[in-house]
*Asks:* 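I have a structure I would like to understand better, so I am pasting it below and will then ask my questions one at a time.
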There are 2 protein chains.
Amino acid sequence: MPPKKITHIRREEIVQAALQVIGEKGVHGLTITEIAGRAGMSDANIYRHFKGKQEILGALGDFIGEAVMGKAAGIAAGQGTAVEKLKIIFLAHAALIAANPGLPRFMFSEEIHLGDPHLAKTIAGKMAGYIETLSNVIAAGINDGEFRPLSPRETAITLLGMIQFTALRWSITRGAFNLDGEAGHLWDNFLRLTQTSSSPMPAETNPMGSV
Amino acid sequence: MPPKKITHIRREEIVQAALQVIGEKGVHGLTITEIAGRAGMSDANIYRHFKGKQEILGALGDFIGEAVMGKAAGIAAGQGTAVEKLKIIFLAHAALIAANPGLPRFMFSEEIHLGDPHLAKTIAGKMAGYIETLSNVIAAGINDGEFRPLSPRETAITLLGMIQFTALRWSITRGAFNLDGEAGHLWDNFLRLTQTSSSPMPAETNPMGSV
DNA sequence: CTGTAATGTAAATGAGCATTCACATTACAG
DNA sequence: CTGTAATGTGAATGCTCATTTACATTACAG
């Protein structure tokens, strides 16, 4: 009865539907029925385009990897100072999470890490690449005198930890605070931590009570 | 047939068994059968001591809250400089995670955050208290001139992010690196970031390839 | 001793979910 | 047009898992 679509299109629709479902109900709540409903098709039709749920998760991993890590790598390879690049990467990542809550839910999901070992390894590799990208930018910034002398790798991990922990609190509190704003405060403080010239401490920033 | 035990003992055994199961199989792999097997009893007997799985998760949340946040609060209230306290809290937290992989798995689990709203709120509250505790220590350190002028709250979040992200990478890679050692490197770098007097940069530290 | 409340178990029960099956319908090559 | 490969669907199928039920056994108060 319904019109047909070629599998290339259907795969994209399914992956995007899955990302949305994860954003709302978590990877735990990601069922074939949910995906199918969101994508506007029957459960069985999912299997015309994917071998199974695992393959959907794999495709989603690739998509997210490109959206987050790929984008960061592009920015890192482009023009600008190290501080500028890092800021763009950091804030863009936060904005991407704010627009797609399913993104951190997927990346940090137990089902992913403890499920299919191949997928877990792929994700771990992407994460390692991300750390590497940031480390290189930071190392360049240290060379140029933009940053104080730091360990690039540890500093990169610190930066990613800020994002992840904030995404987590945002997720737990079900969006009780403004993620972009919070990311801005964290970035300002990070700059004060890392930059060569010490600057005066601005007014206290706590726009969200607690948590 | 088997000897009996009073419910007070049984509840502890069940909670500890649950923590172990989560450490090995994640919250996703936490089934009543797994808990019962680990605790050496039948599935049905679990229900003599807990109303259901949710109540076990609640008890586990209380236990973990006491083990991590409670301990940190005790250290914060004790003797020593701000730097000393923070270091002890940070490294003790890492050591606790290394000994109990189920701990971060539980805290960061989707099932917890998206499951029972009451439990989610409890966990969020404990996390907010933890941030508050660290913020106060950092603020005191700033006052005493131990730390540069920073935003205490954002710095506390940065510190917790370091722990969480490291725990995550450790979890994904299934313990591929030494968690305590990694925590040590991160702490050293954090000190360099925050302390008043700038110190020389030690040799590069990357004991684990990548990820 | 004795009875009874607490503790323990094996075997249902019932719900949710991934996957498969048997059978349409569409679109397009020829 | 026509046949056929790709898409599409509702209805099984079979598995896992939380929870309940019906029936022992233990420990202890009296």
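All figures in this text were calculated on a predicted structure; none of them were measured in a lab. All values below come from the heavy atoms of this structure, side chains included, with hydrogens, waters and symmetry mates left out.
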*Asks:* For DNA chain C, find the residues of residues 45-54 of chain A with a heavy-atom distance under 4.0 Å and give them by number; none if there aren't any.
*Replies:*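 Heavy-atom contacts with DNA chain C come from Tyr47(A), Arg48(A), Gly52(A), Lys53(A).
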*Asks:* For Thr158(A), check side chain to side chain donor-acceptor pair (under 3.5 Å) against everything at least two apart and list the hits.
*Replies:*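 Side chain to side chain donor-acceptor pair (under 3.5 Å) check on Thr158(A) returns nothing, list empty.
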*Asks:* Just the rounded figure in Å: distance from C1' of dT7(C) to NE2 of His8(B).
*Replies:*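 The distance from NE2 of His8(B) to C1' of dT7(C) comes to 17 Å, rounded to the nearest Å.
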*Asks:* Between Trp187(B) and Val83(B), what is the shortest heavy-atom contact and its length?
*Replies:*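 Looking at all heavy atoms of both residues, the shortest contact is CZ2-O, 3.8 Å.
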*Asks:* List DNA chain C stems (3 or more consecutive Watson-Crick/G-U pairs, under 3.5 Å)?
*Replies:*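 DNA chain C forms these stems: C:1-30 with D:1-30.
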*Asks:* Quick check for you: to the nearest 0.5 Å, what is the distance between Leu96(A) atom CG and Leu91(A) atom CG?
*Replies:*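 Separation between the atoms: 12.5 Å.
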*Asks:* Under the 3.5 angstrom rule, does the side chain of Lys85(B) hit a backbone N or O of Ala76(B) as a donor-acceptor pair?
*Replies:*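 Such a contact is found between Lys85(B) side chain and Ala76(B) backbone.
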*Asks:* Nearest whole angstrom, please: distance from the C1' of dT7(D) to the CD of Glu13(A).
*Replies:*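 The distance from CD of Glu13(A) to C1' of dT7(D) comes to 13 Å, rounded to the nearest Å.
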*Asks:* I need the CD-P distance between Glu55(B) and dA18(D), as an integer number of Å.
*Replies:*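 Going from Glu55(B) (CD) to dA18(D) (P), I get 15 Å.
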*Asks:* Ignoring hydrogens and geometry, is there a side-chain-to-backbone donor-acceptor pair from Asn178(B) to Asp180(B) under 3.5 Å?
*Replies:*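 The answer is yes, because a donor-acceptor pair under 3.5 Å joins these two groups.
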*Asks:* Are any of the side-chain nitrogens in Arg169(B) or Glu182(B) under 4.0 Å away from the carboxylate oxygens of its partner?
*Replies:*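 Looking at Glu182(B) together with Arg169(B), the answer is yes, because their closest N to O distance falls below 4.0 Å.
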*Asks:* Taking only residues two or more places apart in sequence or in another chain, which ones pass side-chain contact (heavy atoms from CB on, under 4.5 Å) with Met69(A)?
*Replies:*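 With neighbours one apart ignored, the set is Met107(A), Lys126(A), Tyr130(A).
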*Asks:* Of the residues in residues 16-43 of chain A, which ones touch DNA chain D at a heavy-atom distance under 4.0 Å?
*Replies:*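 Heavy-atom cutoff 4.0 Å gives Met41(A), Ser42(A).
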*Asks:* Tell me every residue that passes side-chain contact (heavy atoms from CB on, under 4.5 Å) with Ala139(A), counting only those two or more places apart in sequence or in another chain.
*Replies:*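 Only Pro152(A) meet the side-chain contact (heavy atoms from CB on, under 4.5 Å) criterion with Ala139(A).
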*Asks:* Is there a donor-acceptor contact under 3.5 Å from the side chain of Arg105(B) to the main chain of Ile22(B)?
*Replies:*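 Side chain of Arg105(B) to backbone of Ile22(B), a donor-acceptor pair under 3.5 Å: yes, one is there.
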*Asks:* Can a salt bridge be assigned to the pair Lys87(B) and Glu84(B) using a cut-off of 4.0 Å between side-chain N and carboxylate O?
*Replies:*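 No.
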*Asks:* Check this one for me: any side-chain N or O of Arg10(A) less than 4.0 Å away from OP1 or OP2 of dG8(D)?
*Replies:*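 So the side-chain polar atoms of Arg10(A) do come within 4.0 Å of the phosphate oxygens OP1 or OP2 of dG8(D), strictly under.
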*Asks:* Which sits closer to the 5' end of DNA chain D, Ala44(B) or Ala44(A), going by the nucleotide each is nearest to?
*Replies:*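 So the residue in question is Ala44(A).
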*Asks:* Taking the inter-plane angle between the rings of His28(A) and His28(B) on a 0 to 90° scale, is it parallel (under 30°), tilted (30 to 60°) or perpendicular (over 60°)?
*Replies:*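 His28(A) and His28(B): perpendicular rings.
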